[in-house]
Amino acid sequence: MEYNFTENETKWQKYWAENKTFKAELNLDKPKYYVLDMFPYPSGSGLHVGHPLGYIASDIYSRYMRLKGFNVLHPMGYDAFGLPAEQYAIQTGQHPAKTTEENIKRYREQLDKIGFSFDWDRQVKTADSNYYKWTQWIFGLLFESWYNNKTNKAESIENLISHFKTEGNLNVDAATSQTNSFTADDWNGFTEKKQADILLNYRLAFLSEAVVNWCPELGTVLANDEVKDGKSERGGYAVIQKKMTQWSLRITAYAQRLLDGLETIDWSDSLKDIQTNWIGRSEGALVEFKTESGETIEVFTTRPDTIFGVSFMVLAPEHELVSKITTDAQKEEIAEYIEYTSRRSERDRLSETKKVTGAFTGAYAINPFSGDKLPVYIADYVLAGYGTGAVMAVPSGDQRDWDFANHFSLPIPPVIEGQDVSEGAEDSKEGILCNSDFLNGLPVKKAIKRAIHEIESKGIGKKQINYKMRDAVFGRQRYWGEPIPIYYEKGFPKLINKEHLPLALPEIDKYLPTEDGEPPLKRAEKWNYHPEKGLVANGEGFPVELTTMPGWAGSSWYFLRYMDANNPSEFASKEALDYWGPVDFYIGGAEHATGHLLYFRFWTKVLKDLGFVNFEEPAKKLINQGMIQAEDGQKMSKRYGNVVNPDDVIAAHGADALRLHEMFLGPIEMHKPWNTKGIEGVSKFLRKLWRLFHDANGNLAISDDKATKDELKSLHKSIKKFREDTERFSFNTSVSNFMVAVNELTDSKCNKREILEPFTILVSCHAPHIAEELWHLLGKKESVSFATLPAVNEVYLKEDSKKYPVSFNGKMRFTLDLPMDMTKDEIEKAVMENEQSQKYLEGKTPKKVIVVPGKIVNVVV
RNA sequence: GCCCGGGUGGUGGAACUGGUAGACACGCAGGACUUAAAAUCCUGUGAACAUUGUGUUCGUGCGGGUUCAAGUCCCGCCCCGGGUACCA
């Protein structure tokens, strides 16, 4: 009887589901291992063949770790809130919850057919109110915390308030947007509103007025990682900069820890690089320049050593000093320039970076060391959002400053010996300072230190570290997301009481902004809050926040919920968190490097600081699965009509073949095209494997005879390679390893239990359905996933002899079979005495003979 | 521009710390079985030259180098993919 994959695969999928074979239970007696996949956003088009690639790899690894005796947590769920469902709802009027549920159902059917060993009892859906209740609760934690730079962690806002009451903010070192200082008396005298406003400058979840990315098409603000090339990542719509009051999360407080943590985790270098660049740490100095009129311009520079090379100053057009220092004569020009820059979209600005623009304010600043008069310009190459929004321009060392100086005919004084600034700036960190008074003769690195020292002792600045990363904009003017659990009393935000969570998403008539441009939640009829009664009809109580959370809120902590997914009273129990956390192995796409993967590290650190989890990093090991392209090398997309559906592949070849084939395509981390024909190879392998257990007539035929030395060698070679390959996530070479073994066993017509039983266990990770059936044909009653991974017995691998490749001058000429226990000298002698050697020696005596026992022989003539 | 990956047969890819380049597959060619096809099995398959087996030369993007020995290490380039970009 030939192997019937459809029948067999359905049978075992049913068995696993009915017996809850992969149910994970907390068991302190067993070591745990947590394998996590990035959960999918259930889109309307279902899974294509590229999606399960990572899931297959993680499933193989999960099964492998189970065989090694670990208690494995391998869950799955859905990232169910998001823009596409809402856009669809706007078009069709269908409730996004309904379409999302339908999509989830379809995803589940597709996933079930692939034979994953997920514990479905732990499924999470971010749009489920039992889940987002806790997302809202975590938002509450962020709202009620501030970051203490002295203890280097988040602390309760109550601590801060009591500090304010007794000392004001004088001895507070916090991550804050508060610039003014106040005393205890000041604080106690402030109105409630004023106090609330100040606290917002400290809270980790805070409301502030800031320039944000506004996408008019989507009708919402976007975080920096959701904007690519000046357009929205979803939809590709134009983005403009707009000043708005917004909820944000103070991720910048964690910039240094997010950087430091990278050194403790086993993630790919490219991913770490992306995050490092995104965080963008730079060391330098904050320096004050006085204008002639007595105003102070503060600049950030990474090259304080070049301060004698400053020939002008530049402010961002939005800089608050611009209006104060502009002379009457220049007012018109400056106003025109500001008007021009505010008209330009983000895309225009980015695409015209070579165009030099700017305007002179008429004001002059004084170089604090040289006393030189420095004209002050405004230009939009200086960004309001970075550093202080002002720079000291050093045209000899900075190309942008050079271009500007060149355009406006400003001097370009060199400050490094031998510097040639006629064609452009030279920004080398090597070199010796010149024309720089007390810095003359010093190499750059020492000069930087010296300059900072002088700046500090003069009292005009200090050493400073800046980060490119911005705080994360958190509110979205959209419907399909978690409501932010905030209401407004006396004009300032307050947290909705814990017992009123979840703050459920209300029903509304349509999913569009109101006529006044308010977010869709404004349409809800019962969207006011009463601290005792909860939600009440509008007109009663206090208004509730109208924005919702971004797509990444729910995914920032889902890995924690899986640990205790059905807990009704906590986000997860302490016991479960301590046992299962952190994630041991995480797999997902690299496109989440600057979004999800930063946010989930950030939330983990906050929860650690507040004592809820005992680990600093959420995932110890992470690999990125590559993309599977269509056969034509293009991206697989409905638009190109080149999508391959796993359902079709499974119908034609089976789930085991799909799993093997996806792995066989190449290394997990690489992008590679789908290859329809290639699947024949793995199908053939499965049939060959099946035939090892059956005779020519298709009847089961397993022998209890003793295995031969060669058969044992095939088996143990395979066990060894399988273990090595799996440990280094080389799933593709495992497949060829299986093929080699089956080919060898087929050649020797091996049907011996002693060989087939352990081999079935190996194969069960990649091809669980056929393995499960074969396991039962071998007479086993339990699932093969409860078996033990076979150990390597080196005795069977030991070779008696080695076919030595013999090279002359590095060129391989012939091989020579020699016993393994020969010494170097004996090998050399044997080679030299061999008649074939004479031909290549041409009568000469060899200069040198290199012998690496067990490896090679190389004769140098 | 800067920072990461990556370039190996007709194709996907192997070669873990320098040690027989091309494992394992796909494809292709030839053959066996068959009335025929499918399925299965066998043989061959980097290129060129030569050929009786054997052999010789070249060959891992290009050019150099280190080494007894380089796909692997070093230097300089080219191409492809990704990230990032007036970040001072």
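The analysis underlying the following values was restricted to heavy atoms, covering all of them including side chains, and did not include hydrogens, waters or symmetry mates. Here the structure is a predicted model, which is why all the values come from computation and not from measurement.
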[N] pairs with which nucleotide, Watson-Crick or G-U wobble, both distances below 3.5 Å?
N       : value
rA32(B) : rU40(B)
rC2(B)  : rG83(B)
rG46(B) : rC58(B)
rU52(B) : none

NA contact type, [X], heavy-atom cut-off 4.0 Å: base, sugar-phosphate, or nothing?
X       : result
V314(A) : nothing
I274(A) : sugar-phosphate
R281(A) : nothing
D380(A) : base

Of the listed nucleotides [options], the one nearest the side chain of [X]:
X       : options                   : result
K684(A) : rA88(B), rC4(B), rU40(B)  : rU40(B)
K848(A) : rU40(B), rC68(B), rC24(B) : rC68(B)
M739(A) : rA88(B), rC24(B), rU84(B) : rC24(B)

Tell me which one of F731(A), F685(A), W674(A) satisfies ring-ring contact (aromatic ring centres under 6.0 Å, His included) with H661(A). W674(A)
Rounded to whole angstrom units, what separation is found between the [atom1] atom of [X] and the [atom2] atom of [N]?
X       : N       : atom1 : atom2 : result
N809(A) : rU57(B) : CG    : P     : 11 Å
Q629(A) : rG81(B) : CD    : C1'   : 9 Å
R691(A) : rA39(B) : CZ    : P     : 12 Å
I378(A) : rC86(B) : CD1   : C1'   : 16 Å
Y467(A) : rC87(B) : OH    : P     : 19 Å
M663(A) : rC24(B) : CE    : C1'   : 16 Å

Most 5' of L383(A) and N737(A) on RNA chain B, judged by nearest nucleotide: N737(A)
So, F738(A) versus H766(A), ring centres under 6.0 angstrom or not? yes
Aromatic ring proximity, centroids under 6.0 angstrom, Y64(A) and F722(A): yes
Acceptor/donor pairs from residues 386-399 of chain A side chains to any protein atom, 3.5 angstrom cut, sequence neighbours excluded:
unit_1  : atom_1 : unit_2  : atom_2 : d
Y386(A) : OH     : S282(A) : OG     : 2.9
T388(A) : OG1    : E298(A) : O      : 2.5
T388(A) : OG1    : A390(A) : N      : 3.4
T388(A) : OG1    : A390(A) : O      : 3.4
S396(A) : OG     : P413(A) : O      : 3.3
D398(A) : OD1    : R400(A) : N      : 2.8
D398(A) : OD1    : R400(A) : NE     : 3.0
D398(A) : OD1    : D401(A) : N      : 3.2
D398(A) : OD2    : R400(A) : NH2    : 2.5
Q399(A) : OE1    : A425(A) : N      : 2.9
Q399(A) : NE2    : D403(A) : OD1    : 3.0

Kindly say if K468(A) contacts the phosphate of rA88(B), meaning a side-chain N or O under 4.0 Å from OP1 or OP2. no
With B for base contact, S for sugar-phosphate-only contact and - for none (protein heavy atoms under 4.0 Å), nucleotides 6-20 of chain B reads ------BSSS---BB
Would a 4.5 Å heavy-atom cut-off, applied to side chains only, mark [X] and [Y] as touching?
X       : Y       : value
Y804(A) : K855(A) : no
I265(A) : L622(A) : no
V806(A) : M812(A) : no

Name all residues meeting the side-chain contact (heavy atoms from CB on, under 4.5 Å) criterion together with A451(A); count only those two or more places apart in sequence or in a different chain, and write none if there are none. P304(A), L439(A)
